[in-house]
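In what follows, a single structure is set out as structure tokens and then discussed.
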Amino acid sequence: MDYLEIPSRTIVNARVGYQPENWGVFLSVNNLLDKDYLNSKGSRRWNYVELDQEREVALQLEYCF
């Protein structure tokens, strides 16, 4: 049986924000360094790999009442 070895990667995610009283604003970035990487998935019966997400940036506004 042939095996494919997937090299390891470190993926950096970050989130910063400001939250006074009952509202907040947050900026988050997933895959900050925009690295290409494979993600191994599967079970005991079958396995597969997929190219995982590119850099993703989000701005979140919150209000609690």
Side-chain angles (χ1 to χ4, degrees):
M1 188 181 261
D2 292 332
Y3 291 96
L4 172 67
E5 184 173 326
I6 300 173
S8 63
R9 285 272 192 235
T10 299
I11 304 301
V12 179
N13 298 327
R15 184 175 191 241
V16 294
Y18 177 68
Q19 187 174 20
E21 303 292 325
N22 58 349
W23 66 276
V25 60
F26 304 92
L27 176 67
S28 61
V29 182
N30 291 333
N31 196 1
L32 182 66
L33 304 175
D34 201 22
K35 296 286 186 181
D36 289 333
Y37 64 101
L38 296 174
N39 195 2
S40 171
K41 299 191 178 192
S43 66
R44 288 184 181 191
R45 295 187 64 201
W46 54 272
N47 288 300
Y48 65 95
V49 294
E50 63 185 12
L51 186 60
D52 234 328
Q53 77 179 42
E54 298 175 350
R55 181 183 302 139
E56 178 181 72
V57 179
L59 179 64
Q60 179 182 3
L61 302 173
E62 290 183 357
Y63 182 76
C64 299
F65 53 95

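Predicted model only: the values in this text are computed from it and were never measured. Heads up: numbering here begins at 1 and tracks the sequence. Heavy atoms only: backbone and side chains are in, while hydrogens, waters and symmetry mates are out.
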Checklist outcome for this item: d(I11 CD1, Q53 CD) to nearest 0.5 Å is 9.0 Å
Item to check | Residues forming a side-chain contact (heavy atoms from CB on, under 4.5 Å) with L32, sequence neighbours excluded | outcome: V12, V29
Item to check | Pairing residues for E62 by the side-chain contact (heavy atoms from CB on, under 4.5 Å) criterion, not counting sequence neighbours | outcome: R15, Q19, F26, Q60
Checklist entry - When you look at F65 and W23, which way does the ring-ring contact (aromatic ring centres under 6.0 Å, His included) test go after all the steps? => result CA-CA 9 Å; F65 53 95; W23 66 276; over 10 Å; no
Checklist entry - Linking I/L/V/M/F/W/Y whenever their side-chain heavy atoms sit closer than 4.5 Å, directly or via other members, would V57 and V25 fall into one cluster? => result no
Next on the checklist: Membership question, hydrophobic clusters at under 4.5 Å side-chain separation (ILVMFWY): are V16 and L61 in the same one?
Outcome noted: no
Next on the checklist: Return the CD to CG distance between E56 and N13, rounded to the nearest 0.5 Å.
Outcome noted: 9.0 Å
Checklist entry - In Å and rounded to the nearest 0.5 Å, what is the CD to CG distance from E54 to N31? => result 8.5 Å
